[in-house]
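The figures here come from the full heavy-atom set of this structure, side chains too, leaving out hydrogens, waters and symmetry mates. Just so we're on the same page: letters track the sequence lines, and every chain starts at 1. Everything numeric in this text was worked out from a predicted model, so none of it was measured.
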Amino acid sequence: MCPLSPPDFQDELIRRRLEKLSKLRDEGVNPYPYRFCRTHLSRQIREDFQRLESSGQQVAIAGRVMSIRQHGKAGFAHLQDPAGRIQIYVRQDTLGEAFAIFKLLDIGDFLGVVGKVFRTKTDEITVAASQIELLCKAIRQLPIVKEKDEEGKKTIYDQFSGKEQRYRQRYIDLIVNPEVKELFQCRFRIISTIRRLLDEQGFLEVETPVLQSTYGGAYARPFRTNHHALDISLYLKISPELYLKRLVIGGMEKVYEISKNFRNEGIDRTHYPEFTMLEVYQAYADYNDMMELTEEIFERTACEICGRTQIQYQGGEIDLSRPWRRLRMVDALKQYADIDVETMSDEQLLSLLRARHLEVKGEPARGLIINALFEGLVEEKLIQPTFIIGHPRETTPLCKSDRENPIYIERFEPFVAGCEFGNAYSELNDPLLQRELLEQQAQSRQIDDEIPPVDNDFLRAIEYGMPPTGGLGLGIDRLVMLLTNQTSIRDVILFPQMRPES
RNA sequence: GCGCCCAUAGCUCAACUGGUAGAGCAACGGACUCUUAAUCCGUAGGUUCCGGGUUCGAUUCCCUGUGGGCGCACCA
């Protein structure tokens, strides 16, 4: 791997480039000029080729040099700009002295080119350079990836594929692997689509603290830090939930936050310690409204990225169009695991749990056992979009009881492709019950270190009255994985966490 | 935390059962004014991840470490 240290001037490849750099300076070329006036992107030239060619108009393009083919007193190169690649053609007799720049050019340099467009003998749209300007000399060598197009079949040679280096030096990955750039463009289009949708519906985007003196809204081990001036310990937010509810209490009736949540846990294909979460709260709404919103978000983002709501994921088709199936957790257990938990005693459930090598932390309450069975035996089988509803009361203290049957709550989790994508409630707003449930839960903190402490200010806030509210959390990284057909969360995160180099 | 796998030139990869490394691309010199994995001729490039061990001899076998990947566990 390219060394992390400052450029080693003894290194042959770097030394050669430094030599070229000083040659350029000797010839009066500034290798790091200030600006360049670009008139066209490569795509615009391709789209508007007929007109540009017949009018003989000059275009000015700029980009990174990705290939060079020297031909003595002429040459070709490809420039890569944000819209793709385009070939340039240079001739010594046209460029005169500036041809020296071309001769000293390396792959990875930035170049500005002015010229007319034409088609080569082999039919490639090309800019015939009348002027070239070096815009940046690179002193490290990029990995060279070559492609061959043969009857529509694209063969890639020497693809830059080592995961470690791609993650550590994502900038290289973005330069040489065009599909990686496209993937991240998708990521940010998904996020902006969600913003647009919520903004259209009158939601206000807000920000809540990352540094919190107490943490809550989820079960997770937090990251700890400290603030010098205040001389206090702080925690990085594990969830924005309790703050967003304070805003609803404060009269901000429709709010959302696209938030990094920090959970001090392991990394695997679907978990990442600083993941991105959308949380939405809407006053006077319940979890049914949140289900509709969820469906809408999936539909809109799928259409934005895939053009339709039927998407391909890992070889299977997933139909994200609404309405999604709603399935009670106990029915899901019946259907997918052939377990009828409603007819079983606590003891039977517990022995079943053990027989399947599943676990519940701390006191194995009936509802938690049912939840663990569901997670262990059913989740991965929920391929087509499904709202799992009817969670047991014990699974969370922040949710209203089911209006029909109080041993369950008005919660849902959306599942797609065997993976949980979020969590939503008819939010609990009974201040006395809220206090009771949070205090009761906090008593188990000794047994389960992921249970958060009681947030007394949150309880106080609830006591001032929170309207009926629907709340929704959606994992953005997982949504991006789904819509871009990725199986590892690190592939949808620009700079995944790694142990430091050397 | 546990298990399996991987680490060789700037990149992608070779090297049979142990005999101190080889190719393509990139780089460098030369030729070439429509090439496109440009081509042709030539050149150079390596602490084989670090450290130990076995051996006459280790890229290869063993151990420790480092980094990474995958799976399991954890992640309501």
Is the Lys NZ or Arg CZ of R119(A) less than 6.0 Å from the centre of F49(A)'s six-membered ring, within 45° of the axis?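 Because its charged atom sits under 6.0 Å from the ring centre and within 45° of the axis, R119(A) does stack over F49(A).
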Between [M] and [N] - [atom1] atom distance, rounded Å:
N      : M      : atom1 : answer
C62(B) : G69(B) : P     : 24 Å
C28(B) : U35(B) : P     : 23 Å
C40(B) : C50(B) : C1'   : 43 Å
C5(B)  : C16(B) : C1'   : 22 Å
C11(B) : G65(B) : P     : 27 Å
U39(B) : G24(B) : P     : 11 Å
A14(B) : A9(B)  : C1'   : 13 Å
G53(B) : A58(B) : C1'   : 11 Å

5'-most contact on RNA chain B: R499(A) or I107(A), nearest heavy atom basis?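 Checking each residue's closest nucleotide, the 5'-ward one belongs to I107(A).
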If you assign Q165(A) and T120(A) each to the RNA chain B nucleotide with the nearest heavy atom, which residue ends up on the more 5' nucleotide?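 Of the two residues, Q165(A) wins.
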Provide, to the nearest angstrom, the distance between the [atom1] atom belonging to [X] and the [atom2] atom belonging to [N].
X       : N      : atom1 : atom2 : answer
F160(A) : G24(B) : CZ    : P     : 22 Å
L104(A) : G29(B) : CG    : C1'   : 14 Å
Q169(A) : G68(B) : CD    : P     : 14 Å
I86(A)  : U35(B) : CD1   : P     : 18 Å
E375(A) : A76(B) : CD    : P     : 7 Å
R119(A) : U35(B) : CZ    : P     : 16 Å
L142(A) : C25(B) : CG    : C1'   : 14 Å
I156(A) : G24(B) : CD1   : C1'   : 16 Å

What nucleotide, of [options], holds the atom closest to the side chain of [X]?
X       : options                : answer
R411(A) : C34(B), C11(B), A76(B) : A76(B)
N423(A) : G68(B), A76(B), C34(B) : A76(B)
L13(A)  : C34(B), G10(B), U33(B) : G10(B)

Non-neighbouring partners of R393(A) that pass salt bridge (Lys or Arg N to Asp or Glu O under 4.0 Å), sequence neighbours left out: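 R393(A) satisfies salt bridge (Lys or Arg N to Asp or Glu O under 4.0 Å) with no other residue.
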Suppose we screen for salt bridge (Lys or Arg N to Asp or Glu O under 4.0 Å). Which residues come up paired with K116(A), at least two apart in sequence or across chains?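 Testing K116(A) for salt bridge (Lys or Arg N to Asp or Glu O under 4.0 Å), a comparison that skips the adjacent residues, returns none.
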Are F374(A) and F415(A) close enough that their ring centres sit under 6.0 Å apart?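 Between F374(A) and F415(A), the centre distance is under 6.0 Å.
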Using 30° and 60° as the class limits, which term best fits the ring planes of Y287(A) and F412(A): parallel, tilted or perpendicular?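 Rings of Y287(A) and F412(A): tilted, 30 to 60°.
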Can you give each donor-acceptor pair under 3.5 Å made by side-chain atoms of residues 416-425 of chain A, sequence neighbours left out, with the distance rounded to 0.1 Å?
residue: N423(A); atom: OD1; partner: R411(A); partner atom: NE; Å: 2.8
residue: N423(A); atom: OD1; partner: R411(A); partner atom: NH2; Å: 3.4
residue: N423(A); atom: ND2; partner: Y425(A); partner atom: OH; Å: 3.2
residue: Y425(A); atom: OH; partner: T396(A); partner atom: OG1; Å: 3.2

Just so I know, are the side chains of K260(A) and V210(A) near enough to count as touching, which here means a heavy-atom distance under 4.5 Å?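 With C-beta onward as the side chain, the pair stays apart.
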Less than 3.5 Å apart, which donor and acceptor atoms pair up between the side chains of residues 125-133 of chain A and the rest of the protein, not counting sequence neighbours?
residue: T126(A); atom: OG1; partner: Q87(A); partner atom: NE2; Å: 3.0
residue: T126(A); atom: OG1; partner: E124(A); partner atom: O; Å: 2.9
residue: S130(A); atom: OG; partner: Q58(A); partner atom: OE1; Å: 3.3
residue: S130(A); atom: OG; partner: V114(A); partner atom: O; Å: 3.1

For [N], what is the paired nucleotide under Watson-Crick or G-U wobble rules, both distances under 3.5 Å?
N      : result
U60(B) : none
U17(B) : none
A23(B) : U12(B)
C4(B)  : G69(B)
C28(B) : G42(B)

What's [X] touching, base or sugar-phosphate or nothing? Going by heavy atoms closer than 4.0 Å.
X       : value
A218(A) : base
F275(A) : nothing
Y425(A) : base
G217(A) : base
H391(A) : nothing
D11(A)  : nothing
G162(A) : sugar-phosphate
I144(A) : sugar-phosphate
K154(A) : nothing
Q159(A) : sugar-phosphate
R168(A) : sugar-phosphate

Do D430(A) and Q434(A) meet the criterion of a side-chain donor-acceptor pair at a distance under 3.5 Å?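 Note: D430(A) and Q434(A) side chains miss the donor-acceptor criterion.
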If you measure from the Lys or Arg side-chain nitrogens to the Asp or Glu carboxylate oxygens, is any gap between [X] and [Y] under 4.0 Å?
X       : Y       : answer
E279(A) : K245(A) : no
D106(A) : K20(A)  : yes
K23(A)  : D26(A)  : no
D158(A) : K146(A) : no

Base of U12(B) paired with side chain of S161(A) (donor-acceptor, under 3.5 Å):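 No, no donor-acceptor pair under 3.5 Å.
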Can you check nucleotides 69-72 of chain B for protein contacts, nitrogen or oxygen pairs under 3.5 Å, and list what you find?
residue: G69(B); atom: OP1; partner: R490(A); partner atom: NH1; Å: 2.6
residue: C70(B); atom: OP2; partner: R490(A); partner atom: NH2; Å: 2.6
residue: G71(B); atom: OP1; partner: R269(A); partner atom: NE; Å: 2.9

B/S/- along nucleotides 37-46 of chain B (protein heavy atoms under 4.0 Å) is BB-----SS-
